[in-house]
Enquirer: 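Once you've had a glance at the structure underneath, I'll fire off some questions.
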Protein chains: 2
Amino acid sequence: MAERMESPEGILDLISRIRETSSEILRRELEKNGIEGVVPAHGKIIFYLFREERPVPLSELVKASGRVKSTITGMTATLEKHGYLIRTGGFEDKRNVLVELTPKGRALRELFNDISIRVLDQIYIGIDRPEQEALTDSLSHIDRNLKDALALYIAKENIQ
Amino acid sequence: MAERMESPEGILDLISRIRETSSEILRRELEKNGIEGVVPAHGKIIFYLFREERPVPLSELVKASGRVKSTITGMTATLEKHGYLIRTGGFEDKRNVLVELTPKGRALRELFNDISIRVLDQIYIGIDRPEQEALTDSLSHIDRNLKDALALYIAKENIQ
DNA sequence: TAAAAGTAGTTCGGCGCCGAACCAAAGTCA
DNA sequence: TGACTTTGGTTCGGCGCCGAACTACTTTTA
C-alpha cells in the first residue's frame with residue numbers, strides 16, 4: 001500500500017470548512033436582506049416548494065431533504081411560525097399534512113436565486129471552467145464511493 | 001459573464017452530501033467498535049487532546065475546534081459524562097478549566113487513526129494520486145475564496 | 001369485515017450549535 | 001487600593017437533527 005498523503009489538512013476537514021463557511025455566508029446574505037427565521041438548512045425544503053407550486057405532503061419533503069420526518073415536522077413548524085408556509089390537513093388521505101408556500105414564502109424565490117448565484121461566483125473565483133468540471137467530477141466520484149461504502153454497512157446491519 | 005454551469009447538482013450540495021455520508025460512516029464505525037457517547041463532531045477536540053498530552057484550558061479547545069465556547073462547555077461535559085476526559089479547575093489562573101483525557105480517552109487513539117485511514121481509503125477508491133492532489137488544491141482554493149468573502153462581510157459589519 | 005400490518009405525522013428526550021446574559025477571577029490604571 | 005475592563009466559563013433559550021415511542025388513519029388479508 002502506497003504511503004498515504006499526510007496532507008497538511010485532510011480532505012474531510014477541507015470539505016467541512018467549506019460547508020461551514022458557505023453556510024455562514026448564506027446566513028449573512030439572508031440577514032442582510034432582512035429575512036428572519038430562515039437558515040440554510042431550510043433550503044432543500046424551500047427550493048422543493050418553489051419547484052412544485054402545489055400543496056405537498058410532509059413525506060415528500062422528507063425524501064427531498066434527506067432529513068428524518070421528526071426534523072421536517074420541526075422545520076415546517078418553524079417556517080410556518082415565520083409565515084413562509086402553511087400546513088393544512090390532507091383530503092383524500094387524512095393522514096397527510098399538506099404544506100404550501102405563502103406569498104411571503106414565494107417572494108423568496110428571486111432573492112434565493114440571486115444569492116446562490118452570488119455565492120457560486122465567490123466560490124469559483126480564479127477557477128476556470130475545466131477545473132470546475134474536474135472538481136465536480138472528482139466530488140461526484142467520492143460521493144458515489146461513500147454511498148457505496150455506506151450501503152455495505154447498511155447491508156451488513158440488515159443481515160444481523 | 002459566461003453562462004453559469006447549471007450542474008445537475010450544485011457543488012455545495014455535493015459537498016454537503018459528502019460531509020454527511022462520511023459522518024454517517026464514522027458514526028457507524030464508532031458504533032461497530034462499541035464506542036458510545038462520541039460523535040464525529042468531537043473529533044477536533046479529541047485529536048487536539050491526543051496531540052497535546054497535557055491538561056488544556058477550554059479556550060484552547062475553542063480555538064482548535066472553531067466552535068463557540070458554550071458549545072465546548074457542552075461537548076466536554078458530554079465527553080466527561082462518558083468518561084473520556086476530566087475537567088479540573090486551573091491553578092495559576094483560577095478561571096481556567098483544564099481538560100485532559102482519561103485512560104479510556106487515550107485508548108481511542110489507535111482506533112481513531114485506523115478509522116480515518118479506512119474512511120480515507122474508501123473515499124479515494126478509483127482516484128489516483130494526481131487527481132487527489134488536483135482535488136485538494138481546488139478545494140483549498142475554494143476554502144480561501146470563501147474565507148475572503150466572509151472576511152468582507154465581517155469587515156463591513158464592523159464599520160456599521 | 002374484523003384483525004393485523006403498514007403509513008403519515010407528532011411528541012419527547014438528548015445532543016450539537018449558537019448568541020446573549022451572566023458570574024467570577026485577573027489585569028489595568030488612576 | 002478601589003473602580004473599570006477584560007477574560008474564561010457557565011447557563012439559558014432556541015433551533016437543527018436524530019431515534020424511539022405513540023396516535024391516527026389506510027390498506028391488506030384471512
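Throughout, a chain's letter reflects where its sequence line sits, starting with A, and its residues are numbered from 1.
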Enquirer: Counting only side-chain N and O atoms of H42(A), is one of them less than 4.0 Å from OP1 or OP2 of dC15(D)?
Expert: no
Enquirer: Can you work out whether G66(B) or S59(A) has the more 5'-proximal nearest nucleotide on DNA chain C?
Expert: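 Looking at the nearest nucleotide for each, S59(A) comes out on the 5' side.
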Enquirer: So if I apply the side chain to side chain donor-acceptor pair (under 3.5 Å) rule between Y153(B) and each of K32(A), E31(A), E29(A), which one comes out positive?
Expert: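 Of K32(A), E31(A), E29(A), side chain to side chain donor-acceptor pair (under 3.5 Å) with Y153(B) is met by E29(A) alone.
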Enquirer: Choose from dG16(C), dC17(D), dG16(D) the nucleotide whose nearest atom is closest to any side-chain atom of T78(A).
Expert: dG16(D)
Enquirer: Please state how far atom CD in E20(A) lies from atom P in dC17(C), giving the value in whole angstrom units.
Expert: 8 Å
Enquirer: For R87(B), answer base if it contacts any base atom (sugar-phosphate contacts may also be present), sugar-phosphate if it contacts only those atoms, and nothing otherwise; contact means non-hydrogen atoms under 4.0 Å.
Expert: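 It contacts sugar-phosphate atoms only.
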Enquirer: Does any non-hydrogen side-chain atom of I11(B) lie less than 4.5 Å from one of I142(B)?
Expert: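 Yes, at least one pair of side-chain atoms sits under 4.5 Å.
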Enquirer: Given the rule in the salt bridge (Lys or Arg N to Asp or Glu O under 4.0 Å) test, do E20(A) and R67(B) qualify, once you have shown the distances and angles that lead to the verdict?
Expert: CA-CA 11 Å; E20(A) 261 175 58; R67(B) 297 288 152 239; 2.4 Å; yes
Enquirer: Start with the C-alpha gap between R28(A) and E24(A), add the side-chain angles, then the distance that decides, and say whether salt bridge (Lys or Arg N to Asp or Glu O under 4.0 Å) holds.
Expert: CA-CA 6 Å; R28(A) 282 170 191 263; E24(A) 177 64 22; 2.9 Å; yes
Enquirer: Among M75(A), K44(A), E60(A), H42(A), find the residue that satisfies the side-chain contact (heavy atoms from CB on, under 4.5 Å) test when tested with S65(A).
Expert: K44(A)
Enquirer: Have a look at H82(A) and say if it touches a base, only the backbone sugar-phosphate, or nothing, with a 4.0 Å heavy-atom cut-off.
Expert: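 If one applies the 4.0 Å heavy-atom cut-off, H82(A) turns out to touch nothing in the nucleic acid.
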Enquirer: Given dG9(C), dG9(D), dG16(D), identify the nucleotide with an atom nearest to the side chain of N96(B).
Expert: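 Taking heavy atoms from C-beta onward, the closest nucleotide is dG9(D).
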Enquirer: When you check every protein heavy atom under 4.0 Å of nucleotides 20-29 of chain D, what one-letter string (B, S, -) results, 5' to 3'?
Expert: -----BS---
Enquirer: Rounded to whole Å, please give me the gap between CG in L61(A) and P in dT10(C).
Expert: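 Going from L61(A) (CG) to dT10(C) (P), I get 11 Å.
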Enquirer: Could you state the CD-C1' distance from E36(A) to dC15(D), rounded to the nearest angstrom?
Expert: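 In whole Å, dC15(D) C1' lies 15 Å from E36(A) CD.
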Enquirer: In whole angstroms, how far is the C1' atom of dG16(D) from the CZ atom of R19(A)?
Expert: 11 Å
Enquirer: Using a cut-off of 6.0 Å, state whether more than 12 heavy atoms not belonging to K94(A) lie near its atom NZ.
Expert: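 Open.
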Enquirer: Round to the nearest Å and state the distance from I72(A) atom CD1 to dG16(D) atom P.
Expert: 10 Å
Enquirer: What I want to find out is whether R17(A) reaches D13(A) closely enough, with some N-O distance under 4.0 Å, to be called a salt bridge.
Expert: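 Salt bridge between R17(A) and D13(A), a charged N being under 4.0 Å from a carboxylate O: no.
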Enquirer: Check the distance between dG9(C)'s P and E80(A)'s CD and give it to me in whole angstrom.
Expert: 14 Å
